[in-house]
Amino acid sequence: MTSQRYNARESEPRWQKIWDERDIFATRNDDPKPKYYVLEMFPYPSGRIHMGHVRNYAMGDVVARYKRAKGFSVLHPMGWDAFGMPAENAAMANKVHPKAWTYQNIAAMKAQLKSMGLSLDWSREIATCDPSYYKHQQAMFLDFLKAGLAERKLGGVNWDPVDQTVLANEQVIDGRGWRSGAEVEQREMMQWYFAITKFSDDLLAKLDTLTRWPEKVRVMQQKWIGRSEGLALRFALDPHTTPQGEQELEVFTTRPDTLFGAKFMALSPDHPLATATAANNPALAEFIAECKRQGTAAKIIETAEKQGFDTGIRAIHPFDPSWQLPVYVANFVLMSYGTGAIFGCPAHDQRDLDFVNKYGLGNTPVVCPDGQDPATFVITDTAYDGDGKMINSRFLDGMIIAEAKEEVARRLERETIGNRAVAERQVKFRLRDWGISRQRYWGCPIPVVHCEDCGIVPVPAAELPVKLPDDVSFDRPGNPLLRHEAWRNVPCPRCGKPAHRETDTMDTFVDSSWYFVRFTDPWNEDAPTTPAVANKMLPVDQYIGGVEHAILHLLYSRFFTRAMQITGHVAMDEPFDGMFTQGMVVHETYRKTDGEWVTPAEIKISATGDKRSATLLSTGEPIEIGSIEKMSKSKRNTVDPDDIIDTYGADTARWFMLSDSPPDRDVIWSEEGVQGATRFVQRVWRLVSTAAKNLPGPGTQVDMSGHASAKALRMQTHQTLADVSNGIERLRFNTAIAKLYTFVGTLHEVVDDPTGNYRTDPVYGAATREAFDILVRLIAPMMPHLAEECWASLGHEGLVSQADWPEVEAALLVSDTMTLPVQVNGKKRGDIVIGRTASNQEIEAAVLALDVVKTALNGKPARKVIVVPQRIVNVVG
RNA sequence: GCGGACGUGGCGAAACUGGUAGACGCAAGGGACUUAAAAUCCCUCGAUGGCAACGUUGUGCGGGUUCGAGUCCCGCCGUCCGCACCA
């Protein structure tokens with residue numbers, strides 16, 4: 001056996017160069033083969049790739065290479081999500097221009113990605129910070145503006161005081177900015193919005209069609225969109241009690257059935273009626289100010305007591321003019337949902353119950369669960385929100401909830417107040433319009449001009465892109481564009497009077513909401529898309545990325561595709577046919593006795609028995625092995641892809657990333673695991689290079705029928721082929737890899753066989769040749785460099801990267817005989833080997849003749865024999 | 001609180017629509033080769049009883065359905081993730 005080791009460091013760049021020179025991963029848009037679009041979420045150019053990228057891109061590359069071999073025209077592009085705050089932060093910290101910083105990072109990361117050997121079409125590379133990209137984004141912004149899908153309006157916004165910018169709700173986590181971690185303030189500002197709420201219904205309804213998305217992601221989006229059906233109800237107000245004689249108050253409710261259980265009304269502290277009342281009521285004004293100070297941080301909400309302030313205003317019950325309800329301002333009512341006002345039915349809503357219990361307003365149950373006596377049914381501390389029959393509700397009594405809801409709606413729809421119906425059926429959504437304004441430099445400029453006379457004037461198409469000025473400084477906080485007079489001051493495109501540019505730039509989620517479309521024709525300088533091409537290449541057949549983008553990025557992209565459809569850039573509404581969320585890469589943590597974290601590279605692990613212990617390499621001091629956590633700089637439990645590729649090679653890294661855990665679960669990166677993977681690389685190489693010189697030439701045809709051992713080998717080869725193909729199709733890379741381990745084990749036995757059968761028997765040799773030719777092609781999507789090396793060593797002319805996927809011979813997946821496990825009373829007692837076509841009677845007879853069965857039955861006759869075809873036999877005694 | 005996912009050896013995990021539980025990998029132990037080490041190869045490896053053939057038991061816990069349950073149903077316990085005053 002040769003003991004020559006496979007040298008990944010020498011081999012991998014060599015094959016990468018050959019792939020490059022022959023340009024084999026470029027996709028032609030006019031390729032007549034069926035298309036398959038594989039996409040991994042493009043990276044932010046932070047400067048270095050991390051192991052999460054390695055995992056993500058390894059998975060995508062397996063799919064891309066597999067589909068290519070299966071005869072598809074595969075589109076597999078890569079680009080850079082290149083706008084965003086880190087570039088500005090770097091500018092402030094290191095006095096480097098965001099553009100220079102970004103492009104340096106792109107160059108460095110591109111080199112890293114190249115060293116992974118990914119089958120990417122680099123000719124389509126895009127960077128969102130490049131004017132050739134954002135030019136089209138600006139054009140689409142203007143299209144959206146014209147179509148009423150973009151608008152400027154006053155909005156309560158989340159203001160990040162550290163980053164000095166507005167954040168989307170999704171970017172506020174526990175009341176803090178998602179990047180800065182600073183406590184977010186509420187401010188009113190004029191902002192640009194995309195009208196995503198126009199698609200609320202459609203975005204929700206079409207989730208059901210996304211069958212190749214993870215259930216989890218669909219549920220998250222469904223919740224986020226948050227549809228609820230209910231009734232808008234107008235309560236008459238006693239005008240003597242309102243500050244300016246206001247006549248009515250509109251609330252939204254999903255529980256109109258509980259109207260007879262109402263005890264109070266409550267306004268949001270931001271409600272106009274609350275504001276108006278507070279004008280003459282200093283105590284109320286102080287209460288409202290206090291509420292606003294509390295903020296919306298999750299921690300505060302959890303613990304905050306329900307608090308209210310009686311405005312003195314009285315509302316009239318819609319079914320009883322003599323029934324007055326007090327109107328409070330309450331800290332738990334949100335202005336941003338419904339109308340910012342509610343009626344409170346404490347018996348059937350926990351929040352309302354907590355509230356009345358504090359203010360002594362009492363409660364009346366109006367829904368009685370079945371089996372409860374209405375006469376004794378009382379609510380004290382826990383509201384009842386289940387099913388039941390109406391009680392204490394006059395004409396509703398005895399109805400179930402749904403009937404009562406319907407009855408209330410029917411009656412109140414006919415009533416009017418101030419010429420309008422008292423009640424109106426409504427559907428409300430939690431989803432709000434997408435605020436895209438950012439008070440930042442390093443983003444896509446919003447291409448409009450503000451003119452005193454003409455108002456908001458779009459920049460004419462011929463003048464796009466509105467380029468970011470290069471001469472900016474970051475020595476002060478806030479937006480450098482705002483103080484760049486030369487850039488900001490421009491004549492109005494319409495009237496020519498002095499005007500100024502919009503200085504807000506777009507949220508970077510806008511950039512990533514259509515990059516997958518741009519990849520289909522990034523060369524079109526005149527338009528964002530070439531619709532014929534985009535419509536052919538889209539949707540993305542398999543998108544792969546982190547679950548952290550389950551809501552933000554994926555929902556925005558779904559919106560953007562719809563908006564692009566309306567404005568004529570594409571002809572579809574759903575961008576991603578298949579979506580997969582991969583798990584994280586996690587690693588053990590290590591710390592010194594003083595609590596300081598140390599990196600995996602700084603320590604040495606030794607094991608005796610089941611005990612593992614670690615010491616610091618430099619000093620030999622003991623190191624505590626801590627819990628397994630997501631790789632992070634703060635815990636210093638990262639490993640650098642460059643180091644890994646340097647020591648083990650890209651193939652080893654890719655293989656290990658795919659092998660240990662199911663792809664949607666976290667994978668534990670461990671030194672031992674990598675060793676296992678690299679052992680396998682060497683094993684395959686040894687095996688192939690040993691066998692290669694003893695095999696018949698490629699393409700040798702031999703009649704193998706009637707040759708038992710050749711057939712057995714061929715059966716296993718084709719079974720493995722079928723299993724691995726199936727595993728890749730279902731993205732079950734870990735199980736596909738397990739089959740390959742087993743197959744390599746078998747081939748090892750074949751080659752190691754002391755009789756040297758595969759060398760001396762031409763028929764068996766031909767079967768072995770086939771096995772190796774298939775093995776190498778099965779390994780190629782995961783370990784492309786090693787596979788090329790093996791393919792060449794097996795005497796093939798072309799590249800395995802361009803070879804067809806082998807065809808399964810279906811006849812080899814079924815054998816003439818089958819081994820059936822035999823159970824007696826559900827317990828396994830033995831096996832029978834019997835002809836594949838044996839009848840149930842034959843099987844039964846064979847089974848009952850078995851000694852183990854007779855013994856287990858204790859001489860008694862079998863009561864029943866259950867034969868499950870091709871599976872199992874169970875004897876019931 | 002609501003929603004979702006999950007719970008299988010020392011560890012990561014397999015087990016397709018209910019049909020041989022633990023494939024495959026890691027770790028560990030033993031052995032071969034070697035002057036030695038690395039590398040490589042072979043054997044063992046859920047628990048328990050037995051010299052052994054083999055038996056018993058075993059997929060978080062308690063029930064149930066079934067000839068048969070890791071898988072289905074009911075009730076608990078635990079872990080992780082997401083959402084969170086949405087009326």
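Below, read A as the first sequence line, B as the second, and so on, with proteins coming before strands; counting in each chain starts at 1.
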Among the candidates [options], find the nucleotide nearest to the side-chain atoms of [X].
X      : options             : value
A:R430 : B:G12, B:A84, B:C67 : B:A84
A:N874 : B:G68, B:C85, B:G3  : B:G68
A:S661 : B:A87, B:A23, B:G12 : B:G12
A:R686 : B:A87, B:C81, B:U40 : B:U40
A:W224 : B:C83, B:G19, B:C26 : B:C83
A:S228 : B:A87, B:A13, B:U17 : B:A87
A:A738 : B:C81, B:A23, B:A87 : B:A23

Checking all strands, does [X] fall into the base, sugar-phosphate, or nothing category for heavy-atom contacts under 4.0 angstrom?
X      : result
A:R829 : sugar-phosphate
A:R863 : nothing
A:Q823 : base
A:V822 : nothing
A:G676 : sugar-phosphate
A:S670 : nothing
A:T742 : sugar-phosphate
A:D349 : nothing

To the nearest angstrom, how far is [X] atom [atom1] from [N] atom [atom2]?
X      : N     : atom1 : atom2 : result
A:K223 : B:G82 : NZ    : C1'   : 9 Å
A:K828 : B:U56 : NZ    : P     : 13 Å
A:L820 : B:C67 : CG    : C1'   : 16 Å
A:D354 : B:A87 : CG    : P     : 17 Å
A:D664 : B:A5  : CG    : P     : 13 Å
A:L658 : B:G12 : CG    : P     : 19 Å
A:Y6   : B:A39 : OH    : P     : 20 Å
A:D831 : B:G19 : CG    : P     : 17 Å

Return no unless some side-chain N or O of [X] is found under 4.0 Å from OP1 or OP2 of [N].
X      : N     : result
A:N734 : B:A14 : yes
A:Y337 : B:A87 : yes
A:R683 : B:C41 : yes
A:H748 : B:C41 : yes
A:R665 : B:C6  : no
A:R679 : B:G25 : no

Whole-angstrom distance between [N] and [M], as gauged at atom [atom1]:
N     : M     : atom1 : answer
B:G58 : B:G7  : C1'   : 16 Å
B:G4  : B:C76 : P     : 15 Å
B:C61 : B:U8  : C1'   : 15 Å
B:A13 : B:C26 : C1'   : 11 Å
B:A87 : B:C80 : P     : 29 Å
B:G70 : B:A23 : C1'   : 15 Å
B:A38 : B:C24 : P     : 26 Å
B:C54 : B:A69 : P     : 24 Å

Below 3.5 Å, does any donor atom in the side chain of A:K306 face an acceptor in the base of B:C85, or the other way round?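 Indeed there is one.
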
By nearest heavy atom, map A:R255 and A:R732 onto RNA chain B; which one lands nearer the 5' end?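 Residue closer to the 5' terminus by nearest nucleotide: A:R732.
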
Reading RNA chain B from 5' onward, which residue's closest nucleotide shows up sooner: A:S268 or A:V868?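 This one resolves to A:V868.
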
May I ask you to decide if the ring planes of A:Y359 and A:Y328 are parallel, tilted or perpendicular, using 30° and 60° as cut-offs?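 Because their plane-to-plane angle lies in the 30° to 60° range, the rings of A:Y359 and A:Y328 count as tilted.
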
Complementary nucleotide of [N], counting Watson-Crick and G-U pairs under 3.5 Å:
N     : answer
B:G18 : none
B:U40 : B:A32
B:G7  : B:C77
B:G1  : B:C83
B:U65 : none

For B:G22, does the glycosidic angle fall within 90° of 0 (syn) or outside that (anti)?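 Anti for B:G22; the angle lies over 90° from 0.
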
Taking the six-membered ring of A:F332 as reference, does the cationic atom of A:K306 (NZ for Lys, CZ for Arg) lie under 6.0 Å from its centre and within 45° of its axis?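 Verdict for A:F332: a cation-pi partner in A:K306.
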
Do the side chain of [X] and the main chain of [Y] share a donor and acceptor less than 3.5 angstrom apart?
X      : Y      : answer
A:E844 : A:V865 : no
A:T197 : A:S200 : no
A:H348 : A:Y384 : yes
A:D387 : A:I401 : no
A:T258 : A:G261 : no

Hey, are A:D201 and A:R227 close enough for a salt bridge, meaning a charged N less than 4.0 Å from a carboxylate O?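 The answer is yes: the pair qualifies as a salt bridge.
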
Taking side-chain contact (heavy atoms from CB on, under 4.5 Å) as the criterion, tell me which of A:I644, A:N637, A:D660 meets it with A:W669.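 Result for side-chain contact (heavy atoms from CB on, under 4.5 Å) with A:W669: A:I644.
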
